[in-house]
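Note sheet for the following structure.
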Amino acid sequence: MGTSGRRGPYFCGIDAAMDVVSGKWKSLILWELAERGTRRFAQLRRSLPGVSEKMLVQHLREMEEDGLIHREVYGEVPPRVEYSLTEHGVSLNEALADLGRWGVDRIERIGAERIHEAS
């Protein structure tokens, strides 16, 4: 998988899972790829308002290292790079589904505004 310093030790499974999804954008990247399928970098950046290019690059690299996403580089000019979920990423997204439902209930309970999706 890689040589990241994020390899434990962990107190419990939640600790290990949160290590992989830590950061504001990772869960949103997972959601975007699950909802819309394979995406190019610019498409991901447009669909995540507020994310900086630097932060998106960093999160994508970490997620690739953790085996959550696949990065496909095409030998074209200009180069084309596409990102998609791996089986491991799909299973993490499924595990986060209940958390997402809890969040929707919270939004409704507290009357918070929702950000409308970018097309």
Discussion item. Does anything in residues 86-95 form a salt bridge (charged side-chain N to carboxylate O under 4.0 Å, His left out)? List the pairs, not counting sequence neighbours.
Written reply: none

Just wondering, do [Y] and [X] contact through their side chains at under 4.5 Å, heavy atoms?
X     : Y     : result
Leu68 : Leu85 : no
Leu96 : Trp31 : no
Lys26 : Glu62 : yes

Practice prompt. Identify, with sequence neighbours excluded, every residue that meets side-chain hydrogen bond (donor to acceptor under 3.5 Å, both in side chains) alongside Glu72.
Written response: His70

[Y] reachable from [X] in the ILVMFWY side-chain graph, under 4.5 Å edges:
X      : Y     : result
Leu99  : Val21 : yes
Trp102 : Leu28 : no
Phe11  : Val20 : no

Worksheet item: Under 6.0 Å from the CD1 atom of Ile14, do we count more than 12 heavy atoms belonging to anything else shown?
Response: no

Discussion item. Under the side chain to side chain contact (heavy atoms under 4.5 Å, CB included) test against Ile69, which residue among Met63, His88, Arg61 passes?
Written reply: Met63

Could you give the distance from [atom1] ([X]) to [atom2] ([Y]), rounded to the nearest 0.5 Å?
X     : Y     : atom1 : atom2 : value
Arg40 : Arg46 : CZ    : CZ    : 9.5 Å
Leu60 : Glu65 : CG    : CD    : 13.0 Å
Asp66 : Thr86 : CG    : OG1   : 10.0 Å
Gln58 : Ser52 : CD    : OG    : 8.5 Å

Closest non-hydrogen atom pair between [X] and [Y], with its separation:
X     : Y     : result
Thr38 : Ser84 : OG1-CB, 3.5 Å
Leu30 : Gly89 : CD2-O, 4.0 Å
Trp25 : Pro49 : CH2-O, 3.4 Å
Tyr83 : Leu44 : CD1-CD1, 4.1 Å

Practice prompt. Give a yes or no on whether a salt bridge exists between Arg106 and Glu108, defined as a side-chain N under 4.0 angstrom from a carboxylate O.
Written response: no

Worksheet item: Would you call Glu53 and Arg45 a salt bridge, taking side-chain N to carboxylate O under 4.0 Å as the test?
Response: yes

Fill in: Verdict with reasoning, Glu82 to Arg71, per salt bridge (Lys or Arg N to Asp or Glu O under 4.0 Å)
CA-CA 6 Å; Glu82 294 181 341; Arg71 180 177 182 263; over 6 Å; no

Worksheet item: Do we get Arg80 above Tyr74's six-membered ring, with its NZ or CZ under 6.0 Å from the centre and within 45° of the axis?
Response: yes

Item to complete: For Asp19 and Asp15, indicate whether the former's side chain and the latter's backbone hold a donor-acceptor pair under 3.5 Å.
Response: no

Worksheet item: Are side-chain N/O atoms of Ser47 and Glu32 paired as donor and acceptor at under 3.5 Å?
Response: yes

